[in-house]
There are 2 protein chains.
Amino acid sequence: MGDMKTTIKSVSIDLFFEKGYFATSISDIARGSGIQKASIYYHYASKADLLFRIMSATMDDLTTTLKERLAAAGGIEVQMRAAVRGHVCFHLERQKENFIANSELRGLSAEHYRAIVRKRDEYESIFQQLIHQGTVAGVFADVDVKILSYAILTLCTAGATWYNPNGRLTVDEIADIYENFIISGLKQGCLTPLPAAEKGIFNGTQ
Amino acid sequence: MGDMKTTIKSVSIDLFFEKGYFATSISDIARGSGIQKASIYYHYASKADLLFRIMSATMDDLTTTLKERLAAAGGIEVQMRAAVRGHVCFHLERQKENFIANSELRGLSAEHYRAIVRKRDEYESIFQQLIHQGTVAGVFADVDVKILSYAILTLCTAGATWYNPNGRLTVDEIADIYENFIISGLKQGCLTPLPAAEKGIFNGTQ
DNA sequence: GTCTATACGTAGATAGAC
DNA sequence: GTCTATCTACGTATAGAC
C-alpha cells in the first residue's frame, strides 16, 4: 500500500466501482492519488491498462482460491458446496474488484478482452465439470450443465452488486443461504425422485 | 417504427446494448438513424432523457406483465412458477432493453435514478410477498425472503447477459430449467424436512 | 423536422523541465 | 518520479437558416 503504483490502483478500484470505468477520468484518479494526471502515465501505460491489471489479478486470485478450496474437499456434494461458498465469499469480500471485473469488460482492448474471457472460461469449466460429475453420479438431478453453471455463477456474482458490508447479514450467513439454495436446486429432491438405487429410498413428494 | 422518434429510440437500444451508454455518442445514434446529430434534440431533450425513457418503459412493461400472469394463476407454488417464468421470458425476449435497464443506472440523473429504483422496488416487493406467503404456508422452506428475492431475480435477469437468440435452447426451455431450479431451491426438499402437518408425510432424506 | 455551423468543455495522452 | 504545459480529438448541446 506504500508505493504510488499501488495507491493508484487502489484509488482506481474505488472510483471504477463508484462511478464506472467510462465515467472515471484520469484526472479523477490523479486527484484521488494526490498527484498530477501526467504522473499516472509513469506507472501505467493507459487507463485501459489499469483496468486490465485490476481485472486480471482478480480473475487469477479467484481461480487460485477455488482450486485451493477444492483440493481440500472430498466428494461431489462437498466439493460443490465448497465451490459455491468460495465463489460467494470471494465476491463479497472483494466486492469492488469483482463488480468491476463483471461489468467493465467493454473497456478492454480486443486482446485484453480475450485474455479475461479465457480466464473466466477456465473458471467456469471447473464448475461445469463438477455439475457434470454430480449428474452422472446421481448426486444431482439430470440438469443442463451449461445453463446451470451460468445460473449458479451469475447468481453468486450478483451478490457483489447488492451486498452491503454494513448490512444485516455477514458474508458467511449469506454463503450459507446460497449454498443451500443452490444444492437444493441441483438435487431437485422435491420435484424429480432420484433413482432408487442411488438414494436407497424414494422421495415421498410427487 | 415508422416515425423518426421511434427509430432513434430503437437505434439507441441497439447501440446502448452493444457498446454501452457512455461509449455511445449522439453522433453514433444520429448515424444509425440516418440524420444529423442536432436533429436528435428535436425529439429528445438529451442523451440521458433517451436512456430514461428506454428504462422506464421497460420497467413498466415488466411489472404489467407480472401482474397479468399472477392474476391468471392460483396457489402459491403456481404463482411463483408463473412469476419466474414471466421474469425469464421477458428478460430473454426483450434482452437488449433489459440488459440496459440493469447495467446503465449510472447514466441517469438523480431524480430519474430514484424513479427507476422505485419501479424496481415495487416489482421486487411482489416477489418478496410471494416468497413470504410461501414460507408461512409451508410450501417453501423457511428461507430468508430478502436474500432469496435478490437471488431469484438477479439469477433470471442475468439471462439477458449471456442469452443467445440463435443458441441451442429456446426461451421456453430455459424458462423450464430456471423454474425447476428455483422452486427446488425454495422448497429445499432434500435438505430440511417440511413440517409433517403441512406435507402430510416426511421427506425421507435426512 | 432537418440542416449547417459552432460553442465550450473535457477527455486521454505526450513533451520536456526539474 | 513528479511536475507544468500543451496537443489533439471528441463529447454534448445550442443557434439559427431553410
May I have the distance from [X] (atom [atom1]) to [N] (atom [atom2]), rounded to whole angstrom?
{"X": "F22(A)", "N": "dT10(C)", "atom1": "CZ", "atom2": "C1'", "answer": "16 Å"}
{"X": "I29(B)", "N": "dT2(C)", "atom1": "CD1", "atom2": "P", "answer": "15 Å"}
{"X": "Q36(B)", "N": "dA17(D)", "atom1": "CD", "atom2": "P", "answer": "18 Å"}
{"X": "K37(A)", "N": "dC7(D)", "atom1": "NZ", "atom2": "P", "answer": "13 Å"}
{"X": "D3(B)", "N": "dG1(C)", "atom1": "CG", "atom2": "P", "answer": "9 Å"}
{"X": "D49(B)", "N": "dT12(D)", "atom1": "CG", "atom2": "P", "answer": "14 Å"}
{"X": "R31(B)", "N": "dT12(D)", "atom1": "CZ", "atom2": "P", "answer": "11 Å"}
{"X": "H43(B)", "N": "dT14(D)", "atom1": "NE2", "atom2": "P", "answer": "15 Å"}

Would you indicate what T24(A) reaches in the nucleic acid, counting non-hydrogen atoms under 4.0 angstrom: base, sugar-phosphate, or nothing?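 Contact class for T24(A): sugar-phosphate only.
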Check whether any side-chain N or O of [X] sits under 4.0 Å from OP1 or OP2 of [N], and answer yes or no.
{"X": "Y42(B)", "N": "dT2(C)", "value": "no"}
{"X": "S25(A)", "N": "dA11(C)", "value": "yes"}
{"X": "S39(A)", "N": "dC3(D)", "value": "yes"}

Hey, does the Lys NZ or Arg CZ of K96(B) hover above the aromatic six-ring of F16(B), less than 6.0 Å from the centre and inside 45° of the axis?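 Negative - K96(B) is either too far from the ring of F16(B) or too far off its axis.
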Choosing from [options], which nucleotide comes nearest the side chain of [X]?
{"X": "Y41(B)", "options": "dT12(D), dC3(C), dA11(C)", "value": "dT12(D)"}
{"X": "M4(B)", "options": "dC3(D), dT2(C), dT12(D)", "value": "dT2(C)"}
{"X": "I35(A)", "options": "dT2(D), dG1(C), dT6(C)", "value": "dT2(D)"}
{"X": "A38(A)", "options": "dT14(C), dT12(D), dA13(C)", "value": "dT14(C)"}

Rounded to the nearest 0.5 Å, how far apart are CG of L92(A) and OG1 of T170(A)?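 These two atoms lie 9.5 Å from each other.
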Just checking, is any N or O donor in the side chain of D61(B) or T64(B) under 3.5 Å from an acceptor N or O on the other one?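 Their side chains do not contain a donor-acceptor pair, so the 3.5 Å distance test is not met.
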Under a plain distance cut-off of 3.5 Å, with no hydrogens placed, do S25(A) and D28(A) share a side-chain donor-acceptor pair?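 There is such a pair (donor and acceptor under 3.5 Å, judged by atom type) between the side chains of D28(A) and S25(A).
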Could you tell me whether a side-chain N or O of Q188(A) sits under 3.5 Å from a main-chain N or O of A141(A), the two making a donor and an acceptor?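 Side chain of Q188(A) to backbone of A141(A): no pair is present.
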